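Heads up: the structure comes next, in C-alpha cells.
Numbered from 1 within each chain, the chains take letters A, B, ... in sequence-line order. In this text, all values refer to a predicted model and were calculated from it rather than measured experimentally. Only this structure's heavy atoms are used, side chains among them; waters, hydrogens and symmetry mates stay out.
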There are 2 protein chains.
Amino acid sequence: MATTRGRPSSFDRDAVLDKAIRLFWRRGYEGTSVRDLSEELGIGAPSIYNAFGDKRTFFAEVLRVYDEKYGGFIDAALAEERTAKEAAARVFAEAPTRYSRRGLPTGCLIISGDAGTADVTVATRLRRIREAKVAAFADKIRADLTSGELPADTDAQALARYTMSTLSGIAQAARDGVRRTELEHAARIALGAWP
Amino acid sequence: MATTRGRPSSFDRDAVLDKAIRLFWRRGYEGTSVRDLSEELGIGAPSIYNAFGDKRTFFAEVLRVYDEKYGGFIDAALAEERTAKEAAARVFAEAPTRYSRRGLPTGCLIISGDAGTADVTVATRLRRIREAKVAAFADKIRADLTSGELPADTDAQALARYTMSTLSGIAQAARDGVRRTELEHAARIALGAWP
DNA sequence: TTCGTTTTGTAACGGCCGTTAGAGAAAGGA
DNA sequence: TCCTTTCTCTAACGGCCGTTACAAAACGAA
C-alpha cells in the first residue's frame with residue numbers, strides 16, 4: 001500500500017485535509033468548488049483527485065475527520081456525563097463556543113453542510129448523521145427513564161428532537177453572526193425546558 | 001404604466017409567481033436555476049426577465065409575496081395575541097403544521113432560502129428579515145416586562161433569540177423529513193422554557 | 001392596412017462546474 | 001544508468017450557470 005516508490009507528494013495530507021474541512025465548513029458542499037479547493041489548498045485539481053478521490057468521496061472524508069476533530073462534543077457529552085440532562089446541560093453550555101470560535105468557521109458542518117445541495121447522496125449522508133445523534137440522545141434519555149432519573153411521562157424521542165433542533169437553531173444563529181454571549185443566554189434558556 | 005398596447009402576456013403573473021415561490025422554497029435561491037424556473041413556470045427565460053427582472057430581483061419579489069401568503073404567521077401571532085408568551089405558544093403550536101403542509105414544500109423559505117448561497121446581497125436580505133423577527137419578538141417581550149406580565153429578570157433579547165432559534169431548528173427538522181407529530185411534541189417542550 | 005408597442009421563441013454569450021487524458025517530473029530499485 | 005512507479009502540471013472535455021441580442025409574433029391605435 002504505502003510504498004515509498006514514485007514521486008513523493010508535495011503537500012502534507014493532514015494539513016491539506018484540515019484546510020479543506022474549514023472551506024467546506026464555511027461554504028458548504030455545493031458552495032465549495034474544486035477550483036476553490038485547489039486555490040485554498042495550494043495544489044492542483046488532479047492532485048486532489050489523486051489524493052482524495054472525487055468531490056463526494058473527498059467530502060465524506062472531510063465529514064469523518066470533522067466529526068473527530070471539531071464536531072464530536074455531543075458524542076463526548078453523551079458518553080461522559082452520567083445523566084441525559086447533564087449531557088444536555090454540557091452540550092448547551094459548550095455549543096455557543098463551539099459554534100463561534102475565533103479562527104474557525106461559525107456554525108456546524110454537519111448541520112449546514114448540505115444546505116441548498118441538490119446532491120441527494122451528500123444530503124442523505126448528512127441527514128443520517130444528524131438523525132443518529134438524535135437517536136443517541138433518545139437512547140440516553142430512555143436509560144434515565146427506566147432508572148427513574150426522569151419523570152415517567154417524558155417523551156424521549158420528542159425531548160431528544162427538541163434538544164438537537166434547538167442546538168441546530170443555535171448553530172444557524174451563530175452562522176448569522178449572533179454574538180456568543182447572546183447564544184449562551186439563549187442556550188441557558190433552552191436547558192430550562194428539560195424536566 | 002399598465003398600458004393595453006402590444007402583444008399580451010401569455011401567462012397569469014400571479015400563478016407563475018406562486019409556482020416560483022414553491023420552487024425557491026423547495027430548493028433555495030442558489031439551488032434554483034433560471035432554467036429550472038423556465039421549465040417549472042412553463043415560460044421562456046426572456047419572459048421571466050421581462051416580467052420579473054433578473055434572478056435577484058425576482059427572488060426579492062418572491063420573498064415579499066411568500067411572507068404575505070405563507071410565512072406571516074409569526075407577525076400575525078405577535079400582532080393578535082395579548083402577551084408575548086401567548087404569541088410564542090401560538091407560534092410553537094402552528095409552526096409544525098406550517099413547516100410540513102401537504103402540497104407545499106417543507107420548512108421555511110426565509111430560514112433556509114439562502115443556505116449555501118455565495119450571493120451576499122441575497123444572504124444579507126434574508127438575514128435582515130430573520131433579525132427583524134427576533135427584534136419584533138424582543139419588543140413584545142419588553143412590553144410584557146414593563147407591564148409585569150413577565151418576571152423582571154427576564155432577558156428579552158435572549159428569550160426572543162431562543163424562541164426564533166428553536167423555531168428555525170424545527171423548520172430544519174421538518175426539512176429533514178421529521179413527522180409532524182414529533183415536531184409538535186418537540187415544540188410543546190420548547191414552550192416549557194418560557195418563564 | 002400600416003405603425004408603434006410589447007411579448008415571445010431561438011440562439012447564443014462568457015464563465016464556472018466536476019472531471020480527466022496525457023505529458024513531464026521526481027523518486028526508488030535494478 | 002535505465003526502468004518502474006507515483007505525483008504534478010497543462011489543457012481540455014461536456015454541461016450548466018445567468019443573461020441578453022435579435023427577430024418574429026401579436027396586440028391596439030391610426
Separation of C:dC17 atom P from A:I48 atom CD1, nearest Å, is 12 Å
Options D:dT8, D:dG18, C:dG18, nucleotide nearest the side-chain atoms of B:V34: D:dG18
First encountered from the 5' end of DNA chain D, between B:D54 and A:P46: A:P46
List for me each residue that meets side-chain hydrogen bond (donor to acceptor under 3.5 Å, both in side chains) alongside A:D36, sequence neighbours excluded, and say none if there are none. A:R27, A:S33
Using atom CG of A:D119 as one end and atom P of D:dC16 as the other, report the distance to the nearest whole Å. 15 Å
Residue B:R35, side-chain heavy atoms: nucleotide from C:dG18, D:dC9, C:dA12 that is nearest: C:dA12
Value in whole Å for how far the P atom of D:dC17 lies from OH of B:Y49: 11 Å
Contact under 4.0 Å: A:S47 side-chain N or O vs D:dC7 OP1/OP2: no
For B:S38, report the nucleic acid contact type (base, sugar-phosphate, nothing); a contact means any heavy atom under 4.0 Å. nothing
To the nearest Å, how far apart are A:E30 CD and C:dC17 P? 11 Å
Which residues satisfy the salt bridge (Lys or Arg N to Asp or Glu O under 4.0 Å) test with A:R142, sequence neighbours excluded? A:D139
Only pairs at least two apart or in different chains count here, so list each ring pair (Phe, Tyr, Trp, His ring centres under 6.0 Å) that has a residue in residues 149-195 of chain A. none
With the threshold set at under 4.0 Å for non-hydrogen atoms, list the residues of residues 13-29 of chain A touching DNA chain D in residue-number order. none
With sequence neighbours left out, what residues match B:E149 under salt bridge (Lys or Arg N to Asp or Glu O under 4.0 Å)? B:R82
How many Å lie between CG on B:L37 and C1' on D:dC17, as a whole number? 13 Å
Check this for me, if you would: do B:E61 and B:R13 make a salt bridge, where the nitrogen-to-carboxylate-oxygen distance has to be below 4.0 angstrom? yes
Members besides B:V34 in its Ile/Leu/Val/Met/Phe/Trp/Tyr cluster (side-chain heavy atoms under 4.5 Å): B:Y49
How about B:R26: does its CZ atom have over 12 heavy atoms from other parts shown lying under 6.0 Å from it? yes
Does A:S9 make a side-chain N or O approach to OP1 or OP2 of D:dT8 shorter than 4.0 Å? yes
Listed partners of A:R179 passing salt bridge (Lys or Arg N to Asp or Glu O under 4.0 Å), at least two apart: A:E182
Which donor-acceptor pairs under 3.5 Å do side chains of residues 95-106 of chain B form with protein atoms, sequence neighbours excluded?
from: B:R98; atom 1: NE; to: B:E94; atom 2: OE1; distance (Å): 3.4
from: B:S100; atom 1: OG; to: B:P96; atom 2: O; distance (Å): 2.7

What is the distance from NZ of A:K55 to C1' of C:dT20, rounded to the nearest Å? 17 Å
Atom pair distance, as rounded to whole Å: CD in B:E39 and C1' in C:dG9: 15 Å
Rounded to whole angstroms, how far apart are CD1 on B:I43 and P on C:dG9? 9 Å
B:S33 side chain N/O closer than 4.0 Å to the phosphate oxygens (OP1, OP2) of D:dC16? no
Which pairs with one or both residues in residues 105-117 of chain B pass salt bridge (charged side-chain N to carboxylate O under 4.0 Å, His left out), sequence neighbours excluded? B:D114-B:R130
Pairs involving residues 66-75 of chain A, ordered by first then second residue, that meet salt bridge (charged side-chain N to carboxylate O under 4.0 Å, His left out) (sequence neighbours left out): A:D18-A:K69, A:R64-A:E68, A:D67-A:K133, A:D75-A:K133
Scan residues 58-66 of chain A against DNA chain D and write down, sorted by residue number, each residue with any heavy atom closer than 4.0 Å; if none is found, say none. none
Of A:F52, A:F11, A:Y66, which is the lone residue that meets side-chain contact (heavy atoms from CB on, under 4.5 Å) with A:L17? A:F52
Starting at the 5' end of nucleotides 24-30 of chain C, put B wherever the base has a protein heavy atom under 4.0 Å, S where only the sugar-phosphate does, and a dash everywhere else. BBBBSS-
